[in-house]
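Structure first, commentary second.
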Amino acid sequence: MTNQTDTAVRESRFSLEAASNYAVIVAFIAVVIFFTFAAPGFMSGENIFNLISNKVVLLAIVALGMTIVIGAGGIDLSVGVSIDLSSMIFIMMIAAGYMGAFAVMGGLGAAFCVGLLNAFLINKLKINPFLATLGVLFIGKSIQQLSTQGGVPIYLTRAEYAAPFDAIARTSLLGIPTPIIILVVCIIGVYLALHRSVFGRYVAALGAQADVARYSGIRVPFHMSIVFISCAVLSGITGILLSSTVRSYVPLAGDAFLLDAIGATFIGTAISAERRPSVLGTLIGVALLAVMRNGLLLIGWNFFWQQVGIGVLVFLVLGLSFGLRKRAE
Amino acid sequence: MTAAAIEMRSINKIFGPVKALDDADLVVEAGTIHGLVGQNGAGKSTIIKILAGIYRRTSGNVSVFGKPLDQITPASIEAEGVHFIHQDRLLVPTATVAEAIFLRNEPRVGPFINYREMNRRASELLKLYFELDLDPRTLISELSTAQQKIVQITRALAHDAKVMVLDEPTAALVSREVESLFSVLRRLKTDGLAIVFISHYMSEILEICDVVTVLRNGTDVGVVDPSEVGIQKIVEMMTNRDTSEMYPRREVEIGAPVMSVRNLTVDGAFEDVSFDIRSGEILGLTGLLGSGDKEVLNTLFGQIKPDAGEIILHDKQQKFGSPVDAVNAGVAKIPEDRRAHGVATGLSVGENMSLASLGQLSTRGFVDRKKEAEVVDGLIRDLGIKTPDRHTLVKNLSGGNQQKVVVGKWLGCNSEISLLDEPTVAVDVGAKVEIYNLMNRLASEGKGLVFVSSDLEEVTEMCDRVLVIYRGKIIGEYKRGEIDADRLLAAASGAVAETERKRA
Ligand SMILES: Nc1ncnc2c1ncn2[C@@H]1O[C@H](COP(=O)(O)OP(=O)(O)OP(=O)(O)O)[C@@H](O)[C@H]1O
Ligand SMILES: [Mg+2]
């Protein structure tokens with residue numbers, strides 16, 4: 001008799017716990033269904049395609065970098081700087097007549113340097129990641145303003161410049177647009193690194209308890225450097241994709257990605273039982289944010305009301321997920 | 001008849017797939033010291049945390065001094081005069097000793113804390129109960145585990161308790177501190193307090209408890225008087241089997257030195273320490289709290305940089321700048337502070353156990369998950385770690401089982417030298433034997449082990465050689481056969497040094 005009630009209790013608790021993990025996915029599906037009916041044109045092939053190749057790809061790559069950093073227990077407020085400096089160097093090199101491939105390397109090199117600077121501040125000067133990357137954010141903004149006379153965009157319109165941009169943003173392989181291929185490569189790379197490799201285990205240990213990692217013989221500074229440099233370089237890739245799409249460099253354009261990348265990562269933690277950042281979770285977070293923005297825009301909400309809508313959604317999803325979990329315990 | 005101080009009846013507690021308590025009863029009378037024993041994961045801490053309002057019971061009744069309590073919160077239970085020293089609730093690391101002792105009970109002048117008064121009373125209490133000279137302004141994070149326990153106990157004493165519940169308070173305390181704790185508890189008992197005492201040391205249970213409740217798999221299987229039934233019987237009730245072979249023997253040829261320590265000095269901690277660790281040897285290192293034994297171990301692991309002297313390993317002088325260097329040179333250490341350095345409680349059992357040996361469990365940087373699963377599952381089986389599976393988060397394991405995860409993590413990576421700082425703390429009788437077996441296995445593979453423990457009996461039984469440290473100096477060396485607990489204690493407390501000084 002007692003045994004029966006026990007199993008009943010056990011099962012209901014189990015499903016509550018499971019439900020808490022699926023809250024984000026359920027929310028995503030609900031949002032998609034809602035906009036399919038509420039926003040004419042949302043489900044059109046063209047809209048979906050634009051959404052993915054413009055919005056999702058750019059944000060997802062930055063968010064993957066942020067996932068590594070947050071997974072290691074840090075935060076990177078300077079992703080915008082990596083995006084912008086990469087984009088700026090890329091455009092300037094194209095304008096100076098360099099080959100596209102070199103310009104790409106130059107851009108990524110600039111992002112790499114941002115990551116290296118973060119790593120130096122965090123490992124050598126022992127500044128905590130929040131403050132270190134905040135400092136780099138300020139410095140990066142000034143550098144851009146100083147080198148563009150206070151923030152004047154660099155537009156490249158002449159025909160001879162078009163080739164490298166088109167190669168990155170407008171070509172396709174087997175019918176799949178290049179940016180999407182780049183995203184898929186990034187996803188696979190970060191997935192293997194975080195969820196299959198020794199490095200990923202070290203990242204998880206750093207995120208859970210850095211002291212335990214140190215006492216286990218893990219080279220904490222070295223791995224922290226890899227973490228911040230990976231994030232910066234991934235952001236750099238977004239920078240190059242961004243400027244090849246719009247054929248220009250707009251100072252401080254990268255700032256817009258910071259909060260969305262952090263948001264997507266944290267929304268993503270809700271899908272794992274351990275509440276840890278994961279590649280899959282982050283991608284769902286990115287998709288949720290992108291669909292919300294796009295859908296709200298289509299039903300005629302302006303940017304400011306979009307922010308309100310997204311804020312409320314985040315409260316709902318995370319509140320539901322964490323609340324259910326609490327109940328399960 | 002007056003109502004019992006604590007009466008818990010038919011308590012059930014379910015955590016997801018785990019049934020931690022299954023119709024457990026615990027009834028404690030005022031004016032008694034009530035032992036609570038059981039193997040790791042038996043449910044001891046869980047029943048205590050239910051009483052403390054940290055966990056909510058799935059079903060069952062609780063009353064304190066005859067008053068039924070429905071919803072318990074940590075504050076409401078303290079208001080009933082019930083105080084706790086939990087196994088794994090730490091003090092705030094950034095608080096001072098005095099702040100920790102008087103938390104929520106600070107002496108005040110108007111709205112302000114009277115720091116002078118608070119510091120004075122804190123050092124008074126520490127002196128009075130434990131004869132401990134500790135600056136009340138020291139930060140908790142700077143204290144050893146043992147000192148932190150003492151501060152926690154002092155806090156409960158400062159709060160005028162009617163019932164005091166102590167979850168493994170003596171783990172990591174040396175015998176002198178245990179003695180002073182026991183005399184305090186006896187005094188409180190004659191004052192009419194009810195005391196619940198959890199320990200894995202059966203000798204302590206026998207010495208101090210009037211009644212014992214034995215838990216097995218979440219059920220109380222007996223309430224007995226320990227002096228009547230004896231230790232053997234209690235252990236049998238706990239394990240449902242017979243554990244007579246407590247300290248397994250090994251026959252190992254002791255070989256050449258693996259690590260040599262020469263004139264090692266850390267200013268203010270120890271000086272001029274020299275010894276060899278030979279292959280196949282278990283070397284004991286013992287001393288009173290603050291004698292420098294732990295610091296020697298920490299230095300061998302690169303946590304402290306020596307001011308003078310050398311460490312020679314693999315015929316090479318080693319400069320350990322950090323634990324990373326030590327691990328890479330083949331040194332493993334089971335740290336004393338499990339929570340801060342041993343396990344990451346937010347990671348799973350498997351992730352923790354493989355963390356220090358991923359190098360051996362991977363190919364080209366990728367984790368070989370099949371091999372990892374094999375090794376981890378093997379260790380879980382060998383050590384009898386009570387967990388649903390290797391994916392369970394360590395924070396959901398009982399204290400003793402978390403300790404077994406640390407032991408498994410380090411003994412699984414086959415290092416040349418293993419430094420063991422209180423490896424069997426909080427571990428039950430059966431699992432202790434398994435840890436001893438693992439130590440013996442490493443020794444028989446020709447590794448060297450250094451063993452520090454506040455349990456002199458296990459030092460006596462397990463070590464081939466014991467070095468005694470007194471005030472930062474090695475003052476005695478005993479070989480197997482000459483080692484006995486009284487002798488070690490006498491040496492460690494300086495009696496030998498004193499007689500020698502007199503002779504000189
Ligand atoms: N928060 C939790 N979530 C899930 N399971 C838990 C949780 N806390 C305890 N358990 C499980 O409940 C059981 C009883 O644990 P408890 O901590 O009470 O053991 P214990 O008798 O105190 O053991 P020890 O001697 O090792 O401290 C264990 O199997 C443990 O894994
Ligand atoms: Mg316990």
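By convention in this document, chain letters (A, B, ...) are assigned in the order of the sequence lines, proteins followed by strands, and residues within each chain are numbered from 1. No hydrogens, no waters, no symmetry mates; every other heavy atom, side chains included, goes into these values.
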Next item on the list: Taking heavy atoms only and a threshold strictly under 4.5 Å, list by residue number the residues of residues 181-192 of chain A that touch chain B; give 'none' if the list is empty.
Entry: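 Heavy-atom contacts from residues 181-192 of chain A to chain B are A:Leu192.
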Can you give me every donor-acceptor pair (side chain of residues 261-269 of chain A, partner residue at least two apart or in another chain, under 3.5 Å) with its distance?
unit_1, atom_1, unit_2, atom_2, d
A:Thr265, OG1, A:Ala261, O, 2.8
A:Thr269, OG1, A:Phe266, O, 2.6

Margin query: Heavy-atom count check: over 12 atoms from other residues, nucleotides or ligands less than 6.0 Å from B:Phe366 CZ?
Written below: yes
Note to self: Does B:Gln403 form a side chain to side chain contact (heavy atoms under 4.5 Å, CB included) with B:Arg338? I'd like the steps, not just the answer.
What the structure shows: CA-CA 7 Å; B:Gln403 179 65 20; B:Arg338 170 176 79 230; 3.5 Å; yes
Check: Looking at A:Ala208, A:Gly217, A:Ala205, which makes the most heavy-atom pairs under 4.5 Å with chain B?
Finding: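 Looking at each option in turn, the highest pair count goes to A:Gly217.
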Taking atom types as modelled, find out whether [X] and [Y] have a side-chain donor-acceptor pair closer than 3.5 angstrom.
X	Y	answer
B:Glu351	B:Ser348	yes
B:Thr363	B:Asp368	no
B:Arg339	A:Gln209	no

Next item on the list: Output, in order, the C-alpha distance, side-chain angles, deciding distance and verdict of salt bridge (Lys or Arg N to Asp or Glu O under 4.0 Å) for B:Glu372 and A:Arg196.
Entry: CA-CA 12 Å; B:Glu372 182 193 22; A:Arg196 286 286 178 273; over 6 Å; no
Notebook entry, point to check: Quick one: of B:Leu355, B:Asp325, B:Leu361, B:Asn352, who has the most non-hydrogen atom pairs under 4.5 Å with chain A?
Noted result: B:Leu355
Notebook entry, point to check: Looking at B:Ala344, B:Ala356, B:Gly359, which one has more heavy-atom pairs under 4.5 Å with chain A than the rest?
Noted result: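 Of the options given, most contacts go to B:Ala344.
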Item checked: Toward chain A, the part of B:Arg369 with a non-hydrogen atom under 4.5 Å -> side chain
Check: What part of B:Val324 lies closer than 4.5 angstrom to a heavy atom of chain A: side chain, backbone, both or neither?
Finding: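 Looking at B:Val324, backbone and side chain both touch chain A.
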Notebook entry, point to check: What are the residues of residues 389-401 of chain B, in order of number, with any heavy atom under 4.5 angstrom from a heavy atom of chain A?
Noted result: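 Against chain A, the residues of residues 389-401 of chain B that fall inside the cut-off (heavy atoms, under 4.5 Å) are B:Leu393.
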Item checked: Stepwise salt bridge (Lys or Arg N to Asp or Glu O under 4.0 Å) test for B:Lys294 and B:Glu422 -> CA-CA 10 Å; B:Lys294 311 253 160 172; B:Glu422 309 278 358; 3.1 Å; yes
Notebook entry, point to check: Are A:Ser278 and A:Ser272 close enough, and set up right, to give a side chain to side chain donor-acceptor pair (under 3.5 Å), and what steps lead you there?
Noted result: CA-CA 8 Å; A:Ser278 65; A:Ser272 85; 5.7 Å; no
Check: Can you tell me how far the CE atom of B:Met8 sits from the CG atom of B:Leu51, to the nearest 0.5 Å?
Finding: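 With rounding to 0.5 Å, CE (B:Met8) is 5.0 Å from CG (B:Leu51).
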Pairs of donor and acceptor atoms involving the side chains of residues 405-416 of chain B, under 3.5 Å and at least two apart or interchain, shall be tabulated with distances.
unit_1, atom_1, unit_2, atom_2, d
B:Lys409, NZ, A:Ser216, OG, 2.8
B:Lys409, NZ, B:Gly342, O, 3.0
B:Trp410, NE1, B:Lys333, O, 3.1

Notebook entry, point to check: Can you name the one residue among B:Val452, B:Leu449, B:Val331 that meets side-chain contact (heavy atoms from CB on, under 4.5 Å) with B:Leu419?
Noted result: B:Val331
